[in-house]
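What follows is a set of notes on a single structure, which appears directly below.
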Amino acid sequence: MTTDTEARTGRAGRFDPASYEQGWRERWQADALYRADDEDPRQKHYLLTMYPYPSGDLHIGHWYAATGPDIVARMRRMQGLNVMFPMGFDSFGLPTENAAIDRGVDPATWTAANIDQMRAQFRTMGCMFDWSREVVTSDPAYYRWTQWLFGEFFKAGLAYKAMAPVDWCPRDQVVLAREQVEGPNRVCWRCGTPVVKRDLEQWFFRTTRYADELLDFRGIDWPEPIRLMQTNWIGRSEGAEIDFPVEADGVDPIRVFTTRPDTVFGATFMVLAPEHPAVVVLTTPDRRAEVEAYVERARRETEIDRMSAERERSGVFIGPYAVNPMTNERIPIWIADYVLPGYGTGAIMAVPAHDERDYDFARRHELPIRYVVAPTGGEAPAEGAFVEHTSDEVLVDSGEFSGMSAADAIGAIAQQLADLGLGGPAVTYRLRDWLVSRQRYWGAPIPIVYCPEHGAQLVPEAELPVRLPEGVDFAPTGVSPLQSHAEFLRATCPVCGAEARRETDTMDTFVDSSWYFLRYCSPHDELRAWDPEAVKRWMPVDLYTGGAEHAVLHLLYARFFIKALRDIGHLSFDEPFLALRNQGQILGADHQRMSKSRGNVANPDELVARYGSDVVRLFLMFIGPWDQGGPWNASGIEGIHRFLGRVWAQAQPEPGEAVEGSAVPGMPPAQSLAGEPPGSGGPAAGELLGTIEEMSRALRRATHITIRDVGEDYADFHFNTAISKLMELSNAIGKARDTGLAGSAAYGEAIEALLLLLAPAAPHIAEELWSRRGRPYSIHLQAWPTFDAALATADTLELPVQIDGKLRDRLVVTVDTPAEEIERLALASERVQAHLGGRPPRRVVQIPGRLVNIVTSG
RNA sequence: GGGCGAGUGGCGGAACGGCAGACGCGCCGGCUUUAGGAGCCGGUGUCGCAAGACGUGCGAGUUCGAAUCUCGCCUCGCCCACCA
């Protein structure tokens, strides 16, 4: 018998991942082991993990995010699917431009260097990425098609230009993306100055056209929290629009949106957003000075002031009165900054008795409060009090609707308004159209030129890509760096050929990432954004993994893209990602987000150098549930190192062991697996034989239970429990070795099952040991083991015996013991009798195969 | 303020109506080693000599039986926050 120590230091060589990991990776790459073949007849499986931003360094979070889907991808392939698992880089964006400003480097050069570095680091993980499909979004060969897609949207009326308020840093004189506005005080990320809103002409994608369809998640398997976040972000509200005529000559009525049309009898004033277009028209001369001052203040105020939690409920009366269409009462028209210009109609009917914001405003400005709903059978509320909304209200003081339940009145009043031509039922959304233009250099230029005669014209497809010029001055001046590049600006109108000016805005990087998964299907196609046949073959993505922080950004935009492209006629499916799984976030040891500025970034390179990449992969997957993440702490990594060291020792071929013909299911063994004693070593003779047979059966049971459970755990992304089960099997193998089972068929079966199950999670060691055992290259091309249900079942059970739910004894019985016999044995137990102390059992509850509970109390 | 999620040993976690603490870290003891390290074996929720009792944030409830289901509260995390 060979001891573990001998195996580790003697014949087999020490467990030293550095001696084989790199070599296997090179061989896999040379053999194109992971290339997804378009012509492969097997069922396709497109597994995708979110591509990274090329910041320059792969950190522990990248390893954590990538290892999970890699395990699943590898298992799926062993299970017979044609798996595509591509990788690329989301390489346009602000941090690179910032580096260009700070360090004086060229963004393209900087990006290329970062990608080279990260690609090399990625390779050390041993993931089965198909690098032949790599996509780099800042490559003109890619962004040419991003520009083409913009054009498709433009032609379909899904891209348009409009005036919009954007975040502006008054100190740097520059527009900021929303994600560059930081913290509760909404300050500029670079200089810490509070941002203000500025009105600028911007490009939008018409996401709101798809608001309703985006709320429909039928047919896709996405985590509930993500669906909820998207649902809340879209924010569908049902209610009514109501027209309030204005007491002024030749003025249109003011339309409001409300979710509570049942409270219209309580509307005692109106409030418009300061930006509402009617304000200029309606304001009476005597109010003009005050109103203009208020509007100007609202415009200048930073958003934080306007959205402050401590609201002053400021506002001014603008002069005229409107008429409540249900009560015919004159009500004053005010403006206030708590009414938002972008939501609903930008105007509200104020019902101070039943809306807390209106209530605060009415109290502050001494406006009337009228109660029009009350709890069923309840009293009118005390004068001046605010009443919390309840579910069983009825209308009061509401004309013909008095006495009707509030729930019924919502529909009835909306209907009557519609009949009167004063509005009617309406739906509104919080979702806004997607602002895609950025006054930035490092992005895909928007392919538009402006002709003095013909206005905004799309750059013809033959002229794409509109390339980013080199040698641009990045110093922040308040306008896009492209605006100071005379040569870039110069263009000709595609309609008349006259001199035109080129658009200098670039696209949001989320546009790039809204279609990269389509490009992976035919990444080298130079004539089209994608080959329709390839997309038909691979799309939709079967399983997508990534961080939950993209819930309402990337994941919503990508869904919009697919639906829009379907309607334009380029695609024939409705959703990009059939299933979605989110990994948790690995935090710094200080429980904070990892960031260079905090200095808490854990670097995997040292650990990989010390333990090898298998140990790092396995450790990351073992520390907890993959979807949970948590603070980084490497203190347990020794346990994984020891585990793989044990596997290393156990899986060395035994002297004389037959390695021809597999002991693993799916590859039928040459000889019987009934548990015969080993051919060499071990105490084979005499009375130990019985023990050996039992141990052999127990080992086979452990093997088959593990095959069953690990496959399920991997598929469910429960990598931590899968690994613990592999450890248990390894422990069982260790016990079997002590009993002298090493070299037996059952032992070989256990070892080879362990290696096959380990292969997705620890691909290098599995390959190395598989090879050392003389098995055919590559373990990653082998069939996934199948389990034998009969072998996985024990023939005896240990049943817990409880009295009134407390554990008192355990019974060991054969699985076919009848219930009456189990009850008799349980009651006959000495420990049970002692605990009963003469009390008679009232009844005995038996859960077959689980437990026995003797109930004595009533 | 609203929504969602989570509270289990010294630590990461497992179990998700049926033996609480699998698996691992750490710690304690032993073997081995010139030594250090590594490795191997055993122990390790709390109290108790033991029998046993107690134990999954707190309090109630449902159940033969609750970490698990229900209700209320506390704490932490994430997302959205004047959305009419």
Side-chain angles (χ1 to χ4, degrees), chain A residues 3-5 8-9 14-15 184 223-229 231-233 235-237 239 256-260 263 271 306-309 311 313 336-340 342-351 354-358 360-361 428-432 548-549 551-552 584-585 587 591 619 622-625 627-631 633-643 645-646 649 718 720-728 730-731 734 738 798-810 834-835 841-847 849-858:
Chain A
T3 67
D4 284 357
T5 308
R8 293 167 68 84
T9 56
R14 210 164 53 83
F15 169 50
E224 176 72 17
I226 301 290
R227 299 204 311 259
L228 253 167
M229 273 191 256
T231 302
N232 293 338
W233 185 262
R236 181 188 157 98
S237 285
V256 304
F257 173 78
T258 177
T259 54
R260 294 291 308 275
T263 63
V271 187
R306 189 155 171 181
M307 305 224 281
S308 165
R311 293 149 209 150
R313 290 280 169 253
D337 61 11
Y338 81 89
V339 176
L340 306 175
Y343 183 77
T345 61
I348 63 159
M349 64 172 196
V351 185
H354 306 293
D355 181 283
E356 202 158 7
R357 294 155 301 184
D358 298 345
D360 292 343
F361 194 84
T428 193
Y429 302 89
R430 294 169 64 174
L431 182 72
R432 311 295 163 80
E549 67 273 16
V552 292
Q585 204 164 56
L587 304 172
H591 293 59
F619 176 62
F622 182 65
I623 50 178
D627 59 3
Q628 194 175 293
N633 178 0
S635 69
I637 198 167
E638 280 294 344
I640 295 291
H641 181 71
R642 286 200 275 263
F643 164 57
R646 271 195 303 276
H718 295 164
N720 57 330
T721 52
I723 293 164
S724 77
K725 285 161 189 167
L726 293 173
M727 289 172 169
E728 286 181 280
S730 171
N731 291 343
D738 292 346
E798 193 182 70
L799 286 181
V801 179
Q802 299 181 332
I803 296 175
D804 296 328
K806 284 188 195 293
L807 180 69
R808 295 308 180 193
D809 200 3
R810 294 166 210 273
H835 276 282
R842 277 181 184 252
R843 67 188 176 108
V844 177
V845 178
Q846 260 200 64
I847 309 298
R850 299 309 298 256
L851 59 37
V852 181
N853 189 17
I854 297 163
V855 185
T856 66
S857 51

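Lettering follows sequence order; numbering is per chain, from 1.
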Starting the side chain at C-beta, find the nucleotide from [options] nearest to [X].
{"X": "S724(A)", "options": "A84(B), G65(B), A22(B)", "answer": "A22(B)"}
{"X": "R850(A)", "options": "C4(B), C82(B), G18(B)", "answer": "G18(B)"}
{"X": "I847(A)", "options": "C82(B), G18(B), A84(B)", "answer": "G18(B)"}

Reckon [X] touches a base, only the sugar-phosphate, or nothing at all at heavy-atom distances under 4.0 Å?
{"X": "I348(A)", "result": "base"}
{"X": "N633(A)", "result": "nothing"}
{"X": "N720(A)", "result": "sugar-phosphate"}

Dot-bracket for RNA chain B, please, read 5' to 3', with Watson-Crick or G-U wobble pairs under 3.5 Å on both distances, ( ) within the strand, [ ] crossing, | other strand, . unpaired.
(((((((..(((.....[....)))((((((.......))))))(((....)))..(((((..]....))))))))))))....

Roughly how many Å is it from [atom1] in [X] to [atom2] in [N], rounded to a whole number?
{"X": "F257(A)", "N": "C82(B)", "atom1": "CZ", "atom2": "C1'", "result": "16 Å"}
{"X": "E728(A)", "N": "A22(B)", "atom1": "CD", "atom2": "C1'", "result": "6 Å"}
{"X": "F619(A)", "N": "G12(B)", "atom1": "CZ", "atom2": "C1'", "result": "8 Å"}
{"X": "L851(A)", "N": "A20(B)", "atom1": "CG", "atom2": "C1'", "result": "14 Å"}
{"X": "Q802(A)", "N": "G17(B)", "atom1": "CD", "atom2": "P", "result": "16 Å"}

Output yes when a side-chain donor or acceptor of R432(A) lies under 3.5 Å from a complementary backbone atom of R430(A), and no otherwise.
yes

Is there a donor-acceptor contact under 3.5 Å from the side chain of D355(A) to the main chain of A350(A)?
no

OP1 or OP2 of [N] less than 4.0 angstrom from a side-chain nitrogen or oxygen of [X], does that happen here?
{"X": "T721(A)", "N": "C23(B)", "value": "no"}
{"X": "R642(A)", "N": "C25(B)", "value": "yes"}
{"X": "R646(A)", "N": "C40(B)", "value": "yes"}

Map G624(A) and M349(A) onto RNA chain B by nearest heavy atom, then report which one ends up closer to the 5' terminus.
G624(A)

By nearest heavy atom, map P800(A) and G805(A) onto RNA chain B; which one lands nearer the 5' end?
P800(A)

Please state whether the base of C64(B) and the side chain of R842(A) form at least one donor-acceptor pair under 3.5 Å?
no

Where does the angle between the aromatic ring planes of F361(A) and Y338(A) fall among parallel (under 30°), tilted (30 to 60°) and perpendicular (over 60°)?
tilted

Reading nucleotides 41-55 of chain B from 5' to 3' and marking B where a protein heavy atom lies under 4.0 Å of the base, S where only the sugar-phosphate is that close, and - otherwise, the string is -----------SSS-

Identify, with sequence neighbours excluded, every residue that meets salt bridge (Lys or Arg N to Asp or Glu O under 4.0 Å) alongside E224(A).
R227(A)

